[in-house]
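As the structure is a prediction and not an experimental result, all values here were calculated from the model. Side-chain atoms are counted along with the backbone in the values below, which use heavy atoms only and exclude waters and symmetry mates.
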Amino acid sequence: MTKTFVLSTTEIDDPIIAVEEIMSQINLETDLLENSIGIISCHYEFIISGVAKDVCEALPFNVAGIVASPLSDSKTADSLLLSIMVITSDDSHFVKVVTPSISENAGEVIAAAYKNAAANADVKPEMIFAFAPFMPQNSGDDYVNVLTKASGGAPVFGSLAVDDTADFSNCFAISNGEHYSDKLIMVLAYGNFKPKFYIANISENRIEEKSALITKSSGHVVMEINGHPVMNYFESLGIAHAAETQYAMSMLPFLIDYKDGSPMVSKIFIKLTPNNHALFGGEIPEGNSMHIARTDNEDVLATTSEVVYQILRETPNASGALIYSCVARAMAMGVDQYGEMECVIKKFQGKIPFLMATSGGEICPTQISNNQAINRFHNNAFVVCVF
């Protein structure tokens, strides 16, 4: 049996009041089952004020997650909010891991941390929650690929942190109230924990039919498209000038076709390197095709609504849902910054408790077959883990 509670506070200054508010929303004696984990999202001001640390210390279980803004707790959407989803179970258990710094050799560091954490388990985890700071020098695909390989294909779900500063300087991963700008947090879920995953991306009619071929790349840096410098491709699309301004094209999705039968995955352009190469939010492998797409607030709401209705049809008795939505989708909403979250609140109608947070990069499987997950790192996506 698994139960879920979502605890929230908007008290950003006074840790004592914040702890009182959080603790009033759960009875630790009667609500908790044998094993519990907390998944946190909050504005970075809760970190600076000490509220997040005191709240986590007041709870008798591990807490892991990310800085994010805005976010929603099933009832309201707000920028200055701290929410913790408590997942408690009598037939599952959770192992939290904090890696050493991933500033260098991220893949090796994550693989070693996973191996140490899973050393005493005779089975692979049912899934892995993964939370990381936003680090432009790293590709989120590196995190996903190494966890997939190290775990033998366990589903991986999570997010990169994102804040509302101009330079994303406070994008922290969180573990028990401590915050990190260079460490990945993972939670390994074992036992009778059977999640389902859902993804909303971009409507097919918003994707340009004509594709381009990635002819030279390294990780999340693209040098050549269609055999020519990447800037030539941007010029052909009329976006070369926009590419010169950091994050100016963050709402312009580029969908990658991996040519393996799995769904296309969206990546966003971040900036040009000093060599006029294109730095993307995730890995762009050579030999794959790229399609450009265009999205807006109408498409965000349409694709999100479709997924929520699907969840309610397929898993009406779910105990909870953890949701991450790309910051690019929030940007596409324009002045209606809470529009997508309010849409989710309205569609769920309180039937399934959820925590939804803005994301700097989404981690979610696109397919699971023969007990093997195809895990992907996404941009411009709305991803859901239902359990």
Side-chain angles (χ1 to χ4, degrees), residues 44 66-69 102-104 106 132-145 159-173 181-182 184 201-202 208 212-226 228-256 265-286 288 290-295 324-334 358-363 376-381:
Y44 69 86
I66 54 166
V67 160
S69 180
I102 55 174
S103 294
E104 297 182 2
F134 178 73
M135 302 174 69
Q137 71 269 32
N138 290 349
S139 166
D141 289 274
D142 292 340
Y143 311 153
V144 175
N145 294 343
S159 176
L160 302 192
V162 67
D163 66 27
D164 52 12
T165 63
D167 58 356
F168 300 113
S169 57
N170 294 316
C171 294
F172 305 122
S181 60
D182 65 343
L184 182 140
N201 206 311
I202 297 155
E208 297 291 335
L213 182 66
I214 308 302
T215 49
K216 187 176 182 181
S217 67
S218 176
H220 59 322
V221 178
V222 176
M223 298 83 160
E224 293 182 4
I225 296 178
N226 294 331
H228 299 285
V230 67
M231 283 300 291
N232 289 19
Y233 176 65
F234 288 162
E235 287 171 1
S236 72
L237 297 174
I239 57 175
H241 180 69
E244 295 174 357
T245 303
Q246 189 169 359
Y247 306 114
M249 298 191 332
S250 56
M251 287 190 297
L252 187 64
F254 294 85
L255 283 96
I256 308 304
V265 174
S266 178
K267 308 291 184 181
I268 59 172
F269 168 84
I270 295 178
K271 65 179 181 178
L272 292 175
T273 70
N275 295 325
N276 266 2
H277 298 154
L279 179 71
F280 282 81
E283 183 180 17
I284 312 288
E286 286 182 13
N288 292 340
M290 172 186 285
H291 294 255
I292 193 169
R294 302 184 186 278
T295 190
Y324 295 105
S325 180
C326 186
V327 64
R329 293 175 74 87
M331 293 169 67
M333 292 302 298
T358 304
S359 172
E362 305 77 58
I363 300 169
R376 299 292 194 203
F377 178 73
H378 308 256
N379 299 129
N380 221 304

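- Taking both residues in full, the closest heavy atoms of Asn170 and Tyr44 are given as ND2-CE1, 3.3 Å, listed atom of the first, atom of the second, then distance.
- Heavy atoms only, all atoms of each residue included: His291 and Glu208 are closest at ND1-O, 3.1 Å.
- Counting heavy atoms from C-beta outward, Leu252 and Ile292 have side chains that approach closer than 4.5 Å.
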task = Begin with the C-alpha distance, continue with both residues' side-chain angles, and end with the deciding distance and a verdict on side chain to side chain contact (heavy atoms under 4.5 Å, CB included) for Ile239 and Met249.
result = CA-CA 8 Å; Ile239 57 175; Met249 298 191 332; 3.6 Å; yes
key: Residue pair Phe234, His241: steps toward the side chain to side chain contact (heavy atoms under 4.5 Å, CB included) verdict   = CA-CA 9 Å; Phe234 288 162; His241 180 69; over 6 Å; no
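- Here the CD atom belonging to Glu286 is positioned 9.0 Å from the CD1 atom belonging to Ile214, to the nearest 0.5 angstrom.
- Checked against the 6.0 Å centroid threshold, Phe254 and Phe269 do not count as a close aromatic pair.
- Taking CZ from Phe134 and OG from Ser359, the interatomic distance works out to 10.5 Å, rounded to the nearest 0.5 Å.
- The side-chain heavy atoms of Phe172 and Ser181, taken from C-beta on, include a pair separated by under 4.5 Å.
- Here the CG-CG distance, from Asp142 to Leu184, works out to 11.5 Å after rounding to the nearest 0.5 Å.
- Contact between Val162 and Gly360 at its shortest, heavy atoms only, is CB-N, 3.7 Å.
- With contacts defined as side-chain heavy-atom distances shorter than 4.5 Å, the pair Leu255/Met290 does not qualify.
- Not a single donor-acceptor pair under 3.5 Å links the side chain of Ser69 to the backbone N or O of Asp164.
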query = Between Tyr233 and Asn226, is a side-chain hydrogen bond (donor to acceptor under 3.5 Å, both in side chains) present by the stated rule, with each step listed?
reply = CA-CA 8 Å; Tyr233 176 65; Asn226 294 331; over 6 Å; no
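- Judged by distance alone, with hydrogens and angles left aside, the side-chain atoms of Asn145 form a donor-acceptor pair with the main-chain N or O of Asp141 at under 3.5 Å.
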ask   = Could you go step by step and tell me if Asn276 and Val230 meet the side chain to side chain contact (heavy atoms under 4.5 Å, CB included) rule?
value = CA-CA 8 Å; Asn276 266 2; Val230 67; over 6 Å; no
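- For the pair Arg329 (side chain) and Asn201 (backbone), a donor-acceptor distance under 3.5 Å is present.
- Applying side chain to side chain contact (heavy atoms under 4.5 Å, CB included) to Ser217 and the options Val222, Ile225, Asn288 leaves one that passes, Val222.
- Atom CE in Met231 sits 13.0 Å away from atom CG in Asn275 (nearest 0.5 Å).
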request  = Could you give me the CA-CA distance, side-chain angles and deciding distance for Glu362 and Asn380, then say whether side-chain hydrogen bond (donor to acceptor under 3.5 Å, both in side chains) is met?
outcome  = CA-CA 8 Å; Glu362 305 77 58; Asn380 221 304; over 6 Å; no
task = Begin from the C-alpha positions of Glu244 and Leu272 and carry the test side chain to side chain contact (heavy atoms under 4.5 Å, CB included) through to its verdict.
result = CA-CA 6 Å; Glu244 295 174 357; Leu272 292 175; 4.2 Å; yes
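- A distance of 10.0 Å separates CG of Asn138 from CD of Glu104, quoted to the nearest 0.5 Å.
- Across all non-hydrogen atoms, the minimal contact from Cys171 to Ala161 is C-CB, 3.6 Å.
- Judged purely by atom type and a 3.5 angstrom limit, His220 uses its side chain to pair as donor or acceptor with the backbone of Pro136.
- When side chains are defined from C-beta on, Val221 does not count as touching Phe280, because their heavy atoms never get closer than 4.5 Å.
- In this structure the side chain of Glu283 reaches within 4.5 angstrom of the side chain of Ser139, judged on heavy atoms.
- The minimum heavy-atom distance linking Asn379 with Ile268 is given by the pair OD1-N, 3.0 Å.
- Using a 4.5 Å heavy-atom threshold, the side chains of Leu160 and Tyr143 count as touching.
- Atoms OG and NE2, on Ser325 and His378 in that order, are 12.5 Å from each other to the nearest 0.5 Å.
- Checked by atom type and distance alone, the side chain of Thr273 pairs as donor or acceptor with a backbone atom of His277 at under 3.5 Å.
- With hydrogens and angles ignored, the 3.5 Å screen pairs a side-chain donor or acceptor of Asp163 with a backbone N or O of Thr165.
- Side-chain atoms of Met135 and Ser103, non-hydrogen and from C-beta on, do get closer than 4.5 Å to each other.
- At a threshold of 4.5 Å between non-hydrogen side-chain atoms, the residues Met223 and Ser218 count as touching.
- Residue Ser266 comes nearest to Ile202 through the heavy atom pair OG-CD1, 4.3 Å, listed as atom of the first residue, atom of the second, then distance.
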